[in-house]
Protein chains: 2
Amino acid sequence: MSRNIKSANIAFRKHDHRRCQRELLSAARRVCELRKLRLTTRRRQVLEILLISHQPLGAYDILAELNRAASGERIAPPIVYRALEFLLAEGFIHRIESRNAFISCVHPGHLCAAQFLICRDCERVAELENSDAALLAQADVLGFAVDHSVVEITGVCAECQKHGG
Amino acid sequence: MSRNIKSANIAFRKHDHRRCQRELLSAARRVCELRKLRLTTRRRQVLEILLISHQPLGAYDILAELNRAASGERIAPPIVYRALEFLLAEGFIHRIESRNAFISCVHPGHLCAAQFLICRDCERVAELENSDAALLAQADVLGFAVDHSVVEITGVCAECQKHGG
DNA sequence: CTGGTTACGTTATAATATAACATTATGTCG
DNA sequence: CGACATAATGTTATATTATAACGTAACCAG
Ligand SMILES: [Zn+2]
Ligand SMILES: [Zn+2]
Ligand SMILES: [Zn+2]
Ligand SMILES: [Zn+2]
């Protein structure tokens, strides 16, 4: 649990974000090599755009970013959605359902059951990994076979409470 | 907790659903009277459509249902979305973020922090009320002020595991 | 190099949601 | 009652998010 709190702090505080990006990208490369997957240019571009932001981005934000970067190209939605599909399936990013947005995972490739704390002021998102034992136990009692969980907590982070008023 | 399991069972099993609907509708009426709110025809229509279904419905499903019922009228999306906004604000319904859909609340007007078990076979949804103490404690340690939580567990219910194979 | 497969590109369109403004119903007070 | 303020509904247009369908290019095993 102290590990979780650490990683949450990172998202909500100043840190060497360049280093974050580099480390997470090379982690993704390693995972793809292991799994014999192709981290193609497009996929890498989309992942990089998400790595640069600790905030979740919509598919069309990513699209705009791609089109800005490569002036001349006119990239269309399916390209972005397909890259996102790949990155989601391999556990490099998460989808934030309550925002129709996507964010890079802090432990790429783990296919983790993540929980998110989402600040509605600064829009930053902390990813925790602490699964809800009580809820899962209850699902089990009901004979409900869990596939996938979405846990998204919206509120105001400590920083924004100080600064924002 | 045994209460929660009971209510979850109701959603996933055969029961007197007509009675469900009647009771939840009159509960909503009572709450509106208490709060001096107007449960207008449109709002009641939308609530009724959701009460009839233990499954979540999209806004456009509700729209289609309204237009089917009142042939001649040509109701437009904003009407539905405004009724949904009212019903959400007063705690008569919930939004299922991972489905862009809406479902009636099993304890209308309580503004509860609900958790959902969503069967991906039969599409039924059980609403639990069991808040995740561990997660909230962790948010607290981080100084994160929680506003709203989204907890949506997808899987296969006990019934569908038996029948579906 | 050939055929099978995977990924990418392109066009069109579906599904979900809201902005902006006009109209009607409801309640209040003189 | 009648004039006003407010809340709710209706209408039109459009924004935002996502996918279907089909063609082309890259990659790889034999
Ligand atoms: Zn993750
Ligand atoms: Zn913040
Ligand atoms: Zn509820
Ligand atoms: Zn089921």
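Numbers restart at 1 for each chain; the letters A, B, ... are given by sequence-line order, proteins then strands. Bear in mind that the values here come from a model prediction, so they are computed numbers and not experimental data.
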Handout entry: Partner of A:R44 by side chain to side chain contact (heavy atoms under 4.5 Å, CB included), out of A:V46, A:T40, A:T41
Key = A:T41
Fill in the blank from the handout: With B for base contact, S for sugar-phosphate-only contact and - for none (protein heavy atoms under 4.0 Å), nucleotides 19-29 of chain C reads BB-----S---
Completion exercise
A:K36 atom NZ is separated from C:dA7 atom P, nearest whole Å, by 15 Å
Handout entry: d(OH, B:Y60; P, C:dA14) in whole Å
Key = 13 Å
Exercise for the section: Considering just the side-chain nitrogens and oxygens of A:T40, establish if one lies under 4.0 Å of OP1 or OP2 belonging to D:dA26. Expected result: no
Practice task
Using only side-chain N and O atoms of A:R74, determine if any of them is under 4.0 Å from OP1 or OP2 of C:dT11.
Solution key: no
Problem - CZ (B:R19) with more than 12 external heavy atoms under 6.0 Å - result: no
Problem - A:E97 bridged to B:R99 by N-O distance under 4.0 Å - result: no
Exercise for the section: Tell me whether the OP1 or OP2 atom of C:dA7 has a side-chain N or O from A:R42 closer than 4.0 Å. Expected result: no
Practice task
Apply ring-ring contact (aromatic ring centres under 6.0 Å, His included) to A:H148 and list each qualifying residue two or more places apart in sequence or on a separate chain.
Solution key: none
Practice task
For B:R18 and B:Q21, test the side chains for any donor-to-acceptor distance below 3.5 angstrom and give the result as yes or no.
Solution key: no
Fill in the blank from the handout: Note: for B:R99 and A:I79 on DNA chain C, the residue whose nearest nucleotide lies more 5' is A:I79
Handout entry: C:dA15 phosphate, OP1 or OP2, under 4.0 Å from B:N100 side-chain N/O
Key = no
Problem - Distance in angstrom units between B:L37 CG and D:dA8 C1', rounded - result: 13 Å
Exercise for the section: Round to the nearest Å and state the distance from B:Q45 atom CD to D:dG10 atom C1'. Expected result: 14 Å
Problem - Rounded distance (Å) that lies between atom P of D:dT19 and atom CG of A:L63 - result: 14 Å
Exercise for the section: Take the protein atom CD1 of A:I75 and the nucleotide atom P of C:dT11, then report the distance between them rounded to whole Å. Expected result: 14 Å
Practice task
Output yes when B:E33 and B:R30 qualify as a salt bridge under the 4.0 Å nitrogen-oxygen rule, no when they do not.
Solution key: no
Handout entry: Atom-pair distance (CZ on B:F86; P on D:dA7), nearest Å
Key = 13 Å
Practice task
Please assess A:F102 against A:L88 for the test side-chain contact (heavy atoms from CB on, under 4.5 Å), listing each intermediate value before the final yes or no.
Solution key: CA-CA 9 Å; A:F102 303 86; A:L88 281 170; 4.0 Å; yes
Exercise for the section: Give a yes/no answer on whether the side chain of B:R95 brings an N or O atom under 4.0 Å of OP1 or OP2 in C:dT16. Expected result: no
Handout entry: Whole angstrom value for the distance that separates C1' of C:dC8 from CG of A:N67
Key = 15 Å
Exercise for the section: Look at the side chain of A:Y81 and decide which nucleotide, out of D:dA18, C:dT10, D:dA8, has an atom nearest to it. Expected result: D:dA18
